[in-house]
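Only one structure is covered here, and it is reproduced in the block below.
All values reported here derive from a predicted model rather than from experimental measurement. We name chains A, B, ... by the order of the sequence lines, and we start the count at 1 in each one.
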Number of protein chains: 2
Amino acid sequence: MPEGHQRSGRVTLLDVAQAAGVSRATASLVIRKSPLVANETRRKVEEVMDRLGYVYNMGAASMRAARSNTVGVIVPNLTNPFFAEMLAGIEQALDDAGMIVVLANNRESAANQKTILQRMRERGVDGVIVCPARDVRTSLLSKADEWQLPLVQVLRHISENKGDYAGTDYAGGMRQAVEHLVSLGHRSIAFATGGPVHSAYRERLAGFLSAMADHALDPEIRIEVPLGPFGSPASAESLLHHSARPSAVICFNDIMAAGLANGMTDLGVRVGQDFSIVGFDDLAEAELVRPRLTSIATFPGEIGANAARLLLSRLQTPGRADQRIVSLTRLVVRQSTGAAAPGD
Amino acid sequence: MPEGHQRSGRVTLLDVAQAAGVSRATASLVIRKSPLVANETRRKVEEVMDRLGYVYNMGAASMRAARSNTVGVIVPNLTNPFFAEMLAGIEQALDDAGMIVVLANNRESAANQKTILQRMRERGVDGVIVCPARDVRTSLLSKADEWQLPLVQVLRHISENKGDYAGTDYAGGMRQAVEHLVSLGHRSIAFATGGPVHSAYRERLAGFLSAMADHALDPEIRIEVPLGPFGSPASAESLLHHSARPSAVICFNDIMAAGLANGMTDLGVRVGQDFSIVGFDDLAEAELVRPRLTSIATFPGEIGANAARLLLSRLQTPGRADQRIVSLTRLVVRQSTGAAAPGD
DNA sequence: TCTTGTTATTGGATCGATCTAATTCGAATC
DNA sequence: GATTCGAATTAGATCGATCCAATAACAAGA
């Protein structure tokens with residue numbers, strides 16, 4: 001065992017300083033890469049730190065210094081691949097900045113989110129990136145202000161005009177979907193939803209309605225589809241027998257689209273020829289299913305990275321004005337959409 | 001603004017104590033739910049904490065107390081749904097125990113993993129759950145010992161006989177797959193792999209080889225398939241034209257199986273009739289693709305929860321013997337497997 | 001020689017909690 | 001009445017870093 005530490009086995013800055021023949025203060029300066037310390041001294045101290053296996057104690061440091069280089073990330077769901085991709089984007093960007101992620105799952109509940117935020121504050125996180133649970137109210141933003149806790153909203157926002165936000169242009173994406181179908185000759189287009197109601201939902205719906213209105217189409221064909229790969233057969237049937245006889249459907253996300261497509265196929269409908277389906281998000285699944293899904297790509301990894309950048313810039317310049325980064329979607333045409341039958 | 005805090009805006013335990021007319025020490029006992037404090041005093045202090053909006057400072061606490069109630073989790077990949085499910089299982093179990101997760105992604109690199117572990121130790125995590133990057137060596141376990149850092153391996157292990165480990169019976173799963181195919185009359189069975197080589201890979205291969213040997217079958221049909229939904233057409237073709245004329249294939253995971261199935265279908269082969277395919281993991285995708293995938297279920301969420309339980313028990317009883325929790329797999333028969341043609 | 005200035009280093013106070021050992025205060029026992 | 005005991009509380013030291021103001025060392029300029 002190496003020299004000179006007294007009891008607990010933990011090597012402290014004092015041990016390093018003594019072994020290097022300098023004071024605690026100087027050793028501290030070396031760690032923080034201060035330019036005040038002479039090169040020769042720096043080299044010597046670093047050599048000793050390495051030899052003794054010194055580990056910085058962030059807890060002790062954050063008592064006096066403001067920063068902990070730790071960021072809290074709160075998502076409503078971890079198993080949804082969309083959030084997993086976004087999380088990966090956040091983690092990557094923060095890791096590159098030398099920060100580390102404290103993760104928690106609010107499970108779509110404001111109550112959970114409250115205790116999570118508490119635990120994160122106890123750990124002294126420098127800031128948080130939150131995709132708010134559906135029942136979180138606007139007061140969260142003023143609370144964060146009061147706590148002096150930098151907070152970035154991602155994917156969903158609880159206020160139209162306050163706070164940093166990184167998301168995607170859901171409305172624009174829906175417009176792309178509608179216009180794609182219209183250009184293929186479809187006039188009777190359904191919108192399939194399901195799952196929690198939040199800003200990301202409302203924006204998609206608004207985009208759909210507005211695009212439909214611009215083409216003077218009836219936007220009243222809606223259908224509720226349970227999320228997940230099961231249960232869609234019934235939905236497919238009810239969609240086919242809808243009184244408005246839709247020839248195409250735009251889905252809330254790819255999972256739902258894949259489920260509906262399977263339901264249709266099982267009913268003998270040729271998806272992409274007899275009926276068109278557009279997904280949303282363009283996850284890996286879109287390429288995996290047959291027929292391949294036409295989908296609106298939203299680049300979740302990019303959104304996550306944007307959120308991380310927003311938080312980092314906020315930490316650097318606490319006083320800067322609020323920003324929203326909205327990334328644009330892209331239509332990816334595959335096999336699940338085709339020209340409408342001439343009769344339609 | 002509430003009363004009695006001096007400068008930084010942060011409410012400290014001292015503020016609480018003064019406002020409640022007790023000493024710091026007593027207030028501290030209240031937080032830690034010590035039975036030493038009188039009920040009346042406890043009530044009073046809690047009321048004040050609530051009123052002043054007191055937030056516990058874990059960093060300060062962990063300087064004297066041993067615990068930080070924080071656990072590090074290291075995975076090699078976040079976008080793979082399998083790991084996402086496992087992470088969700090870990091997070092859930094730890095959250096229930098009042099702990100919080102510090103997350104990082106080693107991106108299949110030992111070098112990344114090293115800096116991550118460093119950062120986690122700096123934060124004073126109570127322990128770590130690691131799915132080691134493929135090039136991590138056994139010395140990690142002795143390092144962790146030296147650091148007195150409880151470490152649980154999950155999904156992959158870097159030592160056969162040392163350390164806590166939670167995983168699944170990959171070999172048994174492969175045996176289930178082989179026996180399912182054999183019972184359907186298949187004699188010429190291929191094994192499709194790709195991606196990094198690690199213990200989870202080796203165990204699957206060993207299970208395949210041993211089960212094949214038990215049925216006196218030739219286990220030499222192997223094929224490398226690039227991971228991901230693309231690039232499988234070529235693999236499907238080379239599999240069909242393999243000199244041994246396989247009638248079935250067992251895949252390393254569901255993603256690969258879905259890709260191969262699509263490749264086969266595109267070549268006009270009827271999967272489930274002309275050719276059988278077995279996946280591994282039984283992700284949601286298995287139900288989503290057509291034909292639905294026969295797969296070996298591995299329950300990643302359960303594995304994650306087991307890993308969390310191992311760590312919690314290790315924290316409670318540091319001296320206990322090492323444990324390995326191996327959960328069993330389950331064969332889920334769907335449409336991608338069928339009886340072999342009589343000629344085979 | 002004496003000041004001035006620059007560069008490098010340092011001791012001591014401090015952050016907010018916990019730990020230890022000591023103290024208070026009644027009630028029970030001798 | 002003195003002593004013992006247990007329950008409840010507390011002062012003061014402590015954890016490992018950072019901040020601050022002071023200082024040492026040495027070169028340059030008056």
Side-chain angles (χ1 to χ4, degrees), chain A residues 4-46 48-49 52-70 119 121-124 126 148, chain B residues 4-45 48-49 52-70 119 121-124 148:
Chain A
H5 46 269
Q6 41 278 41
R7 52 177 149 290
S8 73
R10 180 161 188 121
V11 180
T12 140
L13 200 50
L14 182 59
D15 298 325
V16 171
Q18 282 171 348
V22 297
S23 73
R24 280 190 329 275
T26 304
S28 176
L29 291 173
V30 170
I31 298 176
R32 286 175 286 155
K33 306 199 185 308
S34 159
L36 287 177
V37 54
N39 282 332
E40 170 59 14
T41 313
R42 156 163 296 122
R43 204 198 46 68
K44 193 171 54 183
V45 173
E46 281 173 345
V48 172
M49 290 197 329
L52 297 190
Y54 169 73
V55 179
Y56 189 63
N57 185 332
M58 188 69 84
S62 67
M63 271 179 74
R64 288 210 56 102
R67 295 283 288 268
S68 72
N69 289 324
T70 308
R119 288 192 194 153
R121 289 211 293 149
E122 290 178 354
R123 263 102 187 151
D126 293 335
Q148 302 188 40
Chain B
H5 46 268
Q6 43 276 42
R7 52 175 149 288
S8 74
R10 180 162 188 121
V11 180
T12 141
L13 199 51
L14 182 60
D15 298 325
V16 171
Q18 281 171 349
V22 298
S23 71
R24 277 191 330 272
T26 305
S28 176
L29 291 174
V30 170
I31 298 177
R32 287 176 284 156
K33 305 199 187 308
S34 159
L36 287 177
V37 54
N39 282 332
E40 170 58 14
T41 313
R42 155 163 298 123
R43 204 199 46 68
K44 193 172 53 185
V45 172
V48 171
M49 288 196 334
L52 298 190
Y54 169 73
V55 179
Y56 189 62
N57 184 331
M58 188 69 84
S62 68
M63 273 181 70
R64 291 213 52 111
R67 296 282 289 266
S68 73
N69 288 323
T70 308
R119 288 191 196 154
R121 291 212 292 150
E122 290 178 354
R123 264 99 186 153
Q148 302 188 42

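- Residue A:Ala38 is classed as a sugar-phosphate contact, given heavy-atom separations below 4.0 Å to backbone atoms only.
- Checking the phosphate oxygens (OP1, OP2) of D:dT9, a side-chain nitrogen or oxygen of B:Thr41 falls inside 4.0 Å.
- Between B:Ser23 and D:dT10 there is a side-chain polar atom (N or O) within less than 4.0 angstrom of OP1 or OP2.
- Within 4.0 Å of A:Ala61, counting heavy atoms only, lie sugar-phosphate atoms of the nucleic acid but no base atom.
- Closest-nucleotide positions on DNA chain D for A:Ala66 and A:Gly59 were compared, and the one nearer the 5' end corresponds to A:Gly59.
- Comparing A:Asn57 and B:Val22 along DNA chain D, the residue whose closest nucleotide (by nearest heavy atom) sits nearer the 5' end is B:Val22.
- Of the listed nucleotides (C:dG11, D:dG16, D:dT10), C:dG11 has the atom at the smallest distance from the side chain of A:Ala25.
- Side-chain N or O atoms of A:Arg123 include one that pairs as donor or acceptor with a backbone N or O of B:Ser68 at under 3.5 Å.
- Set against C:dA17, C:dT18, C:dA13, the side chain of A:Arg64 has C:dA13 as its closest nucleotide.
- Residue whose closest nucleotide on DNA chain C sits further toward the 5' end, between B:Leu13 and A:Thr26: A:Thr26.
- Taking the side chain as every heavy atom from C-beta outward, A:Asn57 and A:Arg10 approach each other to under 4.5 Å.
- Distances from the side chain of B:Thr12 to the nucleotides D:dT9, C:dG16, C:dA13 place C:dG16 closest.
- With respect to the salt-bridge test (charged N to carboxylate O, under 4.0 angstrom), the residues B:Glu40 and B:Arg43 qualify.
- Listed nucleotides: C:dA17, C:dG16, C:dC19. Nearest to the side chain of B:Met63: C:dG16.
- In this structure, B:Arg32 reaches the C:dC19 phosphate: one of its side-chain N or O atoms is under 4.0 Å from OP1 or OP2.
- In summary, the side chains of A:Ser28 and A:Arg24 do not present any donor paired with an acceptor at a separation below 3.5 Å, with no hydrogens or angles considered.
- For B:Arg24 and D:dG12, the shortest distance from a side-chain N or O to OP1 or OP2 is not below 4.0 Å.
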